[in-house]
Amino acid sequence: DTAVSQTPKYLVTQMGNDKSIKCEQNLGHDTMYWYKQDSKKFLKIMFSYNNKELIINETVPNRFSPKSPDKAHLNLHINSLELGDSAVYFCASSQWNADTQYFGPGTRLTVL
Amino acid sequence: GEDVEQSLFLSVREGDSSVINCTYTDSSSTYLYWYKQEPGAGLQLLTYIFSNMDMKQDQRLTVLLNKKDKHLSLRIADTQTGDSAIYFCAETSNSNSEYALNFGKGTSLLVTP
């Protein structure tokens with residue numbers, strides 16, 4: 001059973017398009033995260049949701065809009081995609097204030 | 001934000017021990033982690049240590065924490081070719097964004113036969 005799953009695994013699209021990445025966790029956690037890993041492998045937090053409420057919103061462009069329909073899902077919608085958005089996006093989940101975050105397999109986004 | 005620094009590359013021979021080092025600046029770090037990322041794969045939590053501990057051992061892995069110097073290390077005993085990967089040091093604290101992981105840039109470990 002996959003604990004944290006993301007779809008799609010790969011996403012190739014043109015500049016200017018709008019796309020969504022989905023994340024689901026079946027661990028019963030109440031907190032979910034989106035991280036971005038750039039071409040140099042540097043990982044940085046983007047967003048965090050706790051019980052469907054936005055907790056963290058790092059300096060991410062407004063074109064990125066997370067949505068959490070319920071505690072088990074955190075989706076990431078990106079408008080007007082730019083070349084610099086090409087990266088691997090990782091979803092993670094945890095219990096609030098817990099010591100461990102569990103990561104999904106990542107979504108490799110390529111913007112042409 | 002607070003910094004987490006790691007050396008970028010390490011090469012060892014199969015069977016030797018590997019030591020990957022990490023330094024951090026946030027004195028209120030609560031947990032410190034080591035994650036492994038194999039090529040094209042996701043992040044695998046290897047081990048973590050609470051900031052009031054100085055050592056943790058888990059099979060071939062030994063984590064040492066020097067809180068005074070803000071230095072964390074990961075020792076892999078009897079390194080195998082399957083250990084070749086990128087190893088990320090990360091920390092959480094109350095001073096960064098509510099338990100988000102703050103990662104170093106990763107150390108690429110190459111294990112040669």
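Residue numbers begin at 1 in each chain, while the letters A, B, ... track the order of the sequences. Quick caveat: nothing in here was measured; it's all calculated off a predicted structure.
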- Task: Please list, chain by chain and in numerical order, all residues satisfying ring pair (Phe, Tyr, Trp, His ring centres under 6.0 Å) with F90(A), sequence neighbours excluded.
- Result: none
- Would you indicate whether F50(B), at its atom CZ, is surrounded by more than 12 heavy atoms from other residues, nucleotides or ligands within a distance under 6.0 Å? yes
- Query: Around atom CG of N62(A), are there more than 12 heavy atoms of other residues, nucleotides or ligands at under 6.0 Å?
  - Reply: no
- Task: Examine whether an atom of Q44(B) lies under 4.5 Å from a heavy atom of chain A, and if so say whether it belongs to the side chain, the backbone or both; otherwise answer neither.
- Result: neither
- Message: Need one label for T31(A): side chain, backbone, both or neither, based on atoms under 4.5 Å from any heavy atom in chain B.
- Response: neither
- Query: Counting only heavy atoms not in Y102(A), do more than 12 sit closer than 6.0 Å to its OH atom?
  - Reply: no
- Please flag which part of Q37(A) lies under 4.5 Å from any non-hydrogen atom of chain B: side chain, backbone, both or neither. side chain
- Find the distance between NZ (K41(A)) and CG (L8(B)) and round it off to the nearest 0.5 Å. 13.0 Å
- Message: Looking at every non-hydrogen atom in both residues, tell me the closest pair between Y35(A) and F103(B) and how far apart they are.
- Response: CE2-CE1, 3.8 Å
- Just by modelled atom types, is the Q101(A) backbone N or O under 3.5 Å from a matching donor or acceptor in the Y33(B) side chain? no
- Find out if a path of hydrophobic residues (ILVMFWY) with successive side-chain heavy-atom gaps under 4.5 Å connects L11(A) to V4(A). no
- Message: Membership question, hydrophobic clusters at under 4.5 Å side-chain separation (ILVMFWY): are I76(B) and I49(B) in the same one?
- Response: yes
- Note on the structure: Heavy-atom nearest pair, F42(A) first then K105(B), reads CD1-CG, 3.7 Å
- Task: Go through the atoms of L45(B) and report whether side chain, backbone, both or neither lie under 4.5 Å from a heavy atom of chain A.
- Result: side chain
- Item | Student check: side-chain heavy atoms of L43(A) and L101(B) closer than 4.5 Å | no
Run the side-chain donor-acceptor check on residues 13-21 of chain A: report pairs under 3.5 Å with partners two or more places apart or on a different chain.
| residue | atom | partner | partner atom | Å |
| --- | --- | --- | --- | --- |
| T13(A) | OG1 | N17(A) | ND2 | 2.9 |
| D18(A) | OD1 | S80(A) | N | 2.8 |
| S20(A) | OG | H77(A) | ND1 | 2.5 |

